[in-house]
Number of protein chains: 2
Amino acid sequence: MTKIKAYAADNKDANLKPLEIERRDPLKDDVKIDILYCGVCHSDLHQVRNDWKNSAYPVVPGHEIIGKVLEVGSGVTKFKVGDLVGVGCLVDSCQTCSACKDDLEQFCENGATFTYNSKDKHSGGHTFGGYSENVTVNKEFVLKVPENLDPKAAAPLLCAGITTYSPLAHWGVKKGDKVGVIGLGGLGHMGIKFAHAMGAHTVMITTSPSKSEDAKKLGADEVLISKDEAQMNEHANSFDFLLNTIPVGHDMNPYAALLKRDATMVIVGAVEPLDPLHGGSLIMGRKSIAGSLIGGLKETQEMLDFCGKHNVVSDIEMIDIQNINDAYDRLQKSDVKYRFVIDMKSLKDS
Amino acid sequence: MTKIKAYAADNKDANLKPLEIERRDPLKDDVKIDILYCGVCHSDLHQVRNDWKNSAYPVVPGHEIIGKVLEVGSGVTKFKVGDLVGVGCLVDSCQTCSACKDDLEQFCENGATFTYNSKDKHSGGHTFGGYSENVTVNKEFVLKVPENLDPKAAAPLLCAGITTYSPLAHWGVKKGDKVGVIGLGGLGHMGIKFAHAMGAHTVMITTSPSKSEDAKKLGADEVLISKDEAQMNEHANSFDFLLNTIPVGHDMNPYAALLKRDATMVIVGAVEPLDPLHGGSLIMGRKSIAGSLIGGLKETQEMLDFCGKHNVVSDIEMIDIQNINDAYDRLQKSDVKYRFVIDMKSLKDS
């Protein structure tokens, strides 16, 4: 084990502050990664504040990690020192259950190991995320990052990217489909970019007319203001697919009304109770509502390769680790376009 | 137009009573049907009592119609006088929209004509259902009933049958799948019969341990008591498909927990608001909740042919039309195993 610098929260009410943590030295199948950049996901904030009632302190958040390979174990041939790599929300899983065999490690039946706040098989404690100098990860959970992408702006692909790419890909969104992306935040802005890159007629669905201009810059062909009943009626029964990124409970019925017969709306943001859904909203038109959680490793690599090919990255605002608490305050007010990314040099130099 | 005997409700608080109505004489493409039996669906009761706020009085309910062909128009070759036929929830649609072309007339984009309480293109008034001596229907909406089935017990196939068969068929339930049918009433008892006949390992999911014996007689391999948390936990993440026939609002979260990864629960009963669904119930395991409404004419014929082949009919209790109001009272208390069917001879002889 080696002691390294990190930023952590000690309890749910605490600000993040410097803390020394221990990382394992690379095992045979491990890759040790020098962390260059780490995106700031809303989940980081939830975990720090114990919103999901499962936080184990100290919490070192961060699961949108971009770095360079520092060292590889003897069993690693796929990566070499100096490679540009990424680590997302997962750092381990059983690799043997039916979910893992189906390349859906996020649903590992024996319990996936998440990048932070998850039981750590190696240390016996819990995992520490990317707000740290480096990280040691099993090779199966390390991703290649296309060299043509700006590595800073690629960081959020590891969570916000795969979370939105996966449902679009899994439900087969294709050229010419009419796809709606509901909510314009960290997830929504990636949803628009992906749907657009897949060739869909992409509609930003938002409560805020002020977001129209930005949405169009990001790739939206149209903007639909969800508070405008007349506009909503015009678009009724017309969408092939809806990606719902709203991060809190809300009324899904008006959105279900937008779906074509046999079409699906996928929820990726709201893990909490939603307002009462009318059975009739689904029965009339044989419509579906589904959920989706990040993506497996194979699909995450596909997503990164897709981004390399289509030159898709996030819109980001760079911060130093010393400003993380202010960034959290702004994040909570949705005051970011569209993702904070920490320059980890600020930690190493401190 | 010809005057015939029927039973109707004059207003939402009225009992049903005899009323003379007019039926059109057969047009070129029409089939005139002598009604032998008519099933009693919960929708009949909803429409009579104006629960959906759209009832046009007088309401003549009935959309589970079995009869013999009395007369055919000059354009009809598929049916001849004396054929055993059925009419379900639909008697007309535009036949030209994308839904109709996809054999999903129930979702006709120009508005399907339902068997009762729907705008009637021919009379200018509204349609009258099967609680009547005879009915005249466009040939495309008349179904052949296999001669090996008991015609009385075949009546409920036209609504309860297709409502449960359609989602099982559409979502591809097959031999060896583990299928749960939630709720044991008119719909649920058909769901069990169909899932069993399709070769699925069929589980009746009910709040009432008292229904276990019946469920097994109907074809359930297992009974799962939904109030028993330990039993529910044992079955977590194990179902390939759930058919949810609960007719009122309820909490779907415990049922969603039963679904396997990527599996779907289909709602066919509750057209009203459901209790708040947790986003996490779908996100964890990429699960879906969908709705389904009866079925198109092609699939309804397939269902009847399937019933002929597998000898599937409903469990019924025969009544005379004069007892319909008592039957409604009992229906509201779920005091029927499992469907009332009216012997229409009682109307003709009156």
Side-chain angles (χ1 to χ4, degrees), chain A residues 52 97-100 102 104 106-109 112 163 166-167 170-171 236-238 244-253 256 259-296 299, chain B residues 52 97-100 102 104 106-109 112 163 166-167 170-171 236-238 244-253 256 259-296 299:
Chain A
W52 298 325
C97 72
S98 99
C100 287
D102 286 351
L104 294 164
Q106 73 272 37
F107 301 129
C108 174
E109 290 159 21
T163 297
S166 177
H170 180 71
W171 271 270
N237 302 309
S238 72
N244 183 337
T245 75
I246 302 174
V248 293
H250 60 278
D251 182 1
M252 294 189 292
N253 295 294
L259 292 169
K260 269 188 188 166
R261 169 168 55 83
D262 286 319
T264 300
M265 169 161 71
V266 174
I267 300 165
V268 293
V271 292
E272 53 205 86
L274 295 145
D275 297 357
L277 177 71
H278 290 240
S281 293
L282 301 182
I283 289 172
M284 298 313 299
R286 198 165 56 184
K287 298 173 180 181
S288 295
I289 292 179
S292 181
L293 178 73
I294 48 174
E299 197 178 44
Chain B
W52 299 326
C97 73
S98 99
C100 286
D102 287 350
L104 293 164
Q106 74 271 37
F107 300 128
C108 174
E109 289 160 21
T163 297
S166 177
H170 180 70
W171 271 270
N237 302 308
S238 72
N244 181 337
T245 75
I246 302 174
V248 293
H250 60 279
D251 182 0
M252 293 188 291
N253 295 292
L259 291 170
K260 268 188 189 167
R261 168 167 56 83
D262 286 318
T264 299
M265 170 162 71
V266 174
I267 300 165
V268 294
V271 293
E272 54 204 87
L274 295 144
D275 296 358
L277 178 70
H278 289 241
S281 294
L282 301 182
I283 289 173
M284 298 312 299
R286 198 164 58 184
K287 299 173 180 183
S288 295
I289 292 179
S292 181
L293 179 72
I294 48 175
E299 198 178 44

* Let me know if A/Val266 has heavy atoms under 4.5 Å from chain B in its side chain, its backbone, both or neither. =>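 Answer is neither: A/Val266 stays 4.5 Å or more from chain B.
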
* Asked: Heavy-atom distance under 4.5 Å to chain B: side chain of A/Asn244, backbone, both or neither?
  ->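 Neither the backbone nor the side chain of A/Asn244 comes within 4.5 Å of chain B.
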
* Pick from B/Ser292, B/Gly291, B/Ser98: which one has the most heavy-atom pairs with chain A under 4.5 Å? ->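 The candidate making the most pairs under 4.5 Å is B/Gly291.
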
* To do: Quick one: which of B/Pro167, B/Ser281, B/Gly269, B/Gly280 has the most heavy-atom pairs under 4.5 Å with chain A, could you say?
  =>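 Among the listed options, the one with the most contacts to chain A is B/Gly280.
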
Measure the spacing between [atom1] of [X] and [atom2] of [Y] and express it to the nearest 0.5 Å.
X        : Y        : atom1 : atom2 : result
A/Ser166 : B/Arg286 : OG    : CZ    : 5.5 Å
A/Met265 : B/Leu282 : CE    : CG    : 10.0 Å
B/Leu277 : A/Ile289 : CG    : CD1   : 7.5 Å
B/Glu109 : A/Asn237 : CD    : CG    : 8.0 Å

* Asked: If every non-hydrogen atom of A/Met284 is compared with every non-hydrogen atom of B/Phe107, which pair is closest and at what distance?
  ->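 Closest approach of A/Met284 to B/Phe107, heavy atoms only: C-CE2, 4.0 Å.
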
* Which pair of heavy atoms, one from A/Val271 and one from B/Ile283, lies closest together, and at what distance? ->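 Minimum heavy-atom separation between A/Val271 and B/Ile283: CG1-CD1, 3.9 Å.
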
Which atoms of [X] approach chain A - backbone, side chain, both or neither, heavy atom under 4.5 Å:
X        : result
B/Trp52  : neither
B/Asp262 : side chain
B/Ala99  : both

* Among A/Thr264, A/Asp275, A/Leu104, which has the most heavy-atom pairs under 4.5 Å with chain B? ->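 Most heavy-atom pairs within the cutoff with chain B belong to A/Leu104.
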
* Asked: Out of A/Gly285, A/Pro273, A/Gly249, A/Pro276, which one racks up the most heavy-atom pairs below 4.5 Å with chain B?
  ->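 The option with the most such pairs is A/Pro273.
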
